[in-house]
Amino acid sequence: MEFVDALSLAESIRNGEKSPLEAVDEAIERIERLNPKVNAVIHERFEKARAEAANDDVLPDGPLRGVPILVKDLEAFQKGEPHHGGSQFLKNAGYVADHDAYLITRLRMAGAIILGRTNTPEFGSIITTEPDAYGPTRNPYDLNRSTGGSSGGSAAAVSCGMVPVAHASDGGGSIRIPASECGLVGLKPTRGLVPLGPDVSDSWAGSTVHGVVSRTVRDSAAFLDVMSGPMPGDFYPVAKPTEPLLSNIGKDPQQLRIGYLDTPPMPDIEASADARAGVEHTLNLLQQLGHHVEDARPEALFEEKFVDTFVVVVAAHMARDVTYWEGQLNRAHQAGEIEAGNEFFVGLGNGVSAPSYLDAVYWQQEWTRRMLWWWRSEFNPNGFDILVTPVINGIPPELGWLTDEEKGLGRVTALMQYTAQFNVTGQPALSLPLWWTQSGLPVGVQFVAATGRDDLLLRLASELEGAQNWHDQLPPLFG
């Protein structure tokens, strides 16, 4: 099968070369054939999707008309569809959403057709998609390896060609890490660009955002154009860009001042040779393209207290989330309905006092100010434009490696060295598939821009995409 991105498919539909129903049927055929091998899609809505695709009077005439997509089964509620968040608790209750999230409404208004929901770790709490409720999602490049998390189901589905684009979300790396491990483009947009409502306005103290995983930079830009723009009550309202993000594709980013970090910022963590090789390759490519690369990075990245505050915030929110679902389902969860690792975090979160929680949040806010001074802005005209780092400190791990009861938490910490910092700062950060191991595993490289400079990231990503075509690096399972 030849790869076709979402915008090319939308153009074929507009030109009458393919009908929406044909596009949907082809995607359903691929899901039915490939999903038993990777376990990416956990809830199907095939007949509803076919009905939507076949009804010209109902299907909106938007920029994504007829394009089949998948949605992550976490937070992105869709009316009439299951929502289990990777948890046996919600699965046992058979919970079904009674309304659409804002982003679902916008995707449907743009003409996209949702075929189902993808696998996710329970409550998005870990960077591998291996929930007890639905079992592990497998990496199309190596079925014994992780797809990352928490958008691992979406990443696996796009990686093996089920759909060209899938919804994803990111609270500590959950778009970028699966993109890195599955050879995809994964842009975590500026905080507030895509609304979280109507159910949530502020998740993980502002760390959580919505986006997509895709194979092409332009697909990511086009989907963000559709999903972005403030809604009433947004806690972090960001105005829709005056120019479409898609308009940045192919634009010259001009010469950029670029710093980098290729070793873990936390102490006593050994650097991955593969991750460092990916950064070195990328820096050489950037210099060939005319950019100015310096051995520099924000000093605040090395402050050890960051990890402690991040754990406090996540644990407190997880405790609140379980309490919320107990209220929604009108019963307490039973033994075994919440995974052991998350029960630990719930207990930790219930033990966090209100002053301790606020201390963590206020520390993060002050730390964010120290971080952001490094980037170019009206406050620091001589700052840097881009920071380059690995996405994860290693290659996609084997399934079970991160969920080990005794060693898993330490392994997660060692691997997750480069991503959560930019959830807390709210900056846009992007994973691009620019490096591959000798055994053929993808290793993503991260690019971080100043707050609100999603446009600059897309210009640079488009330039890199033109300089190094990663579209031929398809997994053995593709298509």
Side-chain angles (χ1 to χ4, degrees), residues 6 40-45 48-49 52 64 67-87 90-91 95-125 129 131 133-134 137 149-158 162-163 165-172 174-175 178-179 186-189 191-204 207-214 220 223-231 233-236 317 321 324-325 328 423:
V41 181
I42 57 171
H43 304 306
E44 301 171 356
R45 61 182 309 273
K48 292 178 183 177
E52 291 164 5
L64 304 176
V67 174
I69 65 169
L70 292 162
V71 171
K72 177 181 177 180
D73 192 33
L74 185 67
E75 293 181 339
F77 295 99
Q78 184 175 4
K79 185 176 181 178
E81 301 301 325
H83 180 280
H84 298 160
S87 179
L90 275 69
K91 182 180 181 181
Y95 183 80
V96 174
D98 61 3
H99 63 280
D100 284 348
Y102 292 151
L103 69 92
I104 295 294
T105 300
R106 288 179 172 175
L107 287 168
R108 297 178 76 169
M109 288 175 62
I113 300 176
I114 300 170
L115 302 187
R117 301 179 71 83
T118 60
N119 203 10
T120 183
E122 185 177 57
F123 305 134
S125 64
T129 301
Y134 285 99
T137 296
S150 60
S151 306
S154 289
V158 175
M162 293 180 186
V163 291
V165 174
H167 160 257
S169 59
D170 193 317
S174 294
I175 291 174
L187 172 58
K188 178 192 82 69
R191 174 164 50 217
L193 185 63
V194 178
L196 300 179
D199 300 278
V200 177
S201 291
D202 178 24
S203 178
W204 289 14
S207 287
T208 300
V209 298
H210 287 285
V212 297
V213 287
S214 68
S220 286
F223 271 76
L224 280 178
D225 279 333
V226 164
M227 297 162 65
S228 65
M231 291 292 288
D234 284 357
F235 200 69
Y236 305 99
H317 279 261
D321 289 345
Y324 168 82
W325 282 115
Q328 290 293 107
N423 292 81

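When each of Thr137, Asn119, Thr120, Ile42 is tested with Pro131 by the rule side chain to side chain contact (heavy atoms under 4.5 Å, CB included), just one qualifies, namely Asn119.
Partners of Pro121 under the side chain to side chain contact (heavy atoms under 4.5 Å, CB included) rule, at least two apart in sequence or in another chain, are Ile126, Thr129, Ser150. Among residues two or more places apart in sequence or in another chain, the salt bridge (Lys or Arg N to Asp or Glu O under 4.0 Å) test is passed with Arg117 by Asp73. For Lys48, the salt bridge (Lys or Arg N to Asp or Glu O under 4.0 Å) partners at least two apart in sequence or on another chain are Glu81. Annotation: side-chain hydrogen bond (donor to acceptor under 3.5 Å, both in side chains) contacts of Gln78 (sequence neighbours excluded): none. Remark: Ala157 engages Ala40, Leu70, Met162 in a side chain to side chain contact (heavy atoms under 4.5 Å, CB included) (not counting sequence neighbours). With sequence neighbours excluded, the residues satisfying side chain to side chain contact (heavy atoms under 4.5 Å, CB included) with Ser220 are Val185, Val212, Ser214. Ser207 pairs by the side chain to side chain contact (heavy atoms under 4.5 Å, CB included) definition with Trp204, Phe310, Asn423, Val424, not counting sequence neighbours.
Atoms CD and NZ, from Glu122 and Lys91 in turn, are 12.0 Å apart once rounded to the nearest 0.5 Å. Rounded to the nearest 0.5 angstrom, His317 NE2 and Ser125 OG are separated by 14.5 Å. Of the inter-residue distances, the one linking Leu74 atom CG with His83 atom NE2 reads 5.5 Å to the nearest 0.5 angstrom.
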Which atom pairs, one a donor and one an acceptor, fall under 3.5 Å between side chains of residues 192-199 and the rest of the protein, sequence neighbours left out?
residue	atom	partner	partner atom	Å
Asp199	OD1	His99	NE2	3.0
Asp199	OD2	His99	NE2	2.7

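Within 6.0 Å of atom CZ in Phe235, 12 or fewer heavy atoms from other residues, nucleotides or ligands are found, so the atom counts as exposed in its surroundings.
Of the N and O atoms on the side chains of Lys72 and Ser154, not one donor lies less than 3.5 Å from an acceptor on the other residue.
Residue pairs meeting the salt bridge (Lys or Arg N to Asp or Glu O under 4.0 Å) criterion with at least one partner in residues 106-116, sequence neighbours excluded, are Glu52-Arg108, Asp100-Arg108.
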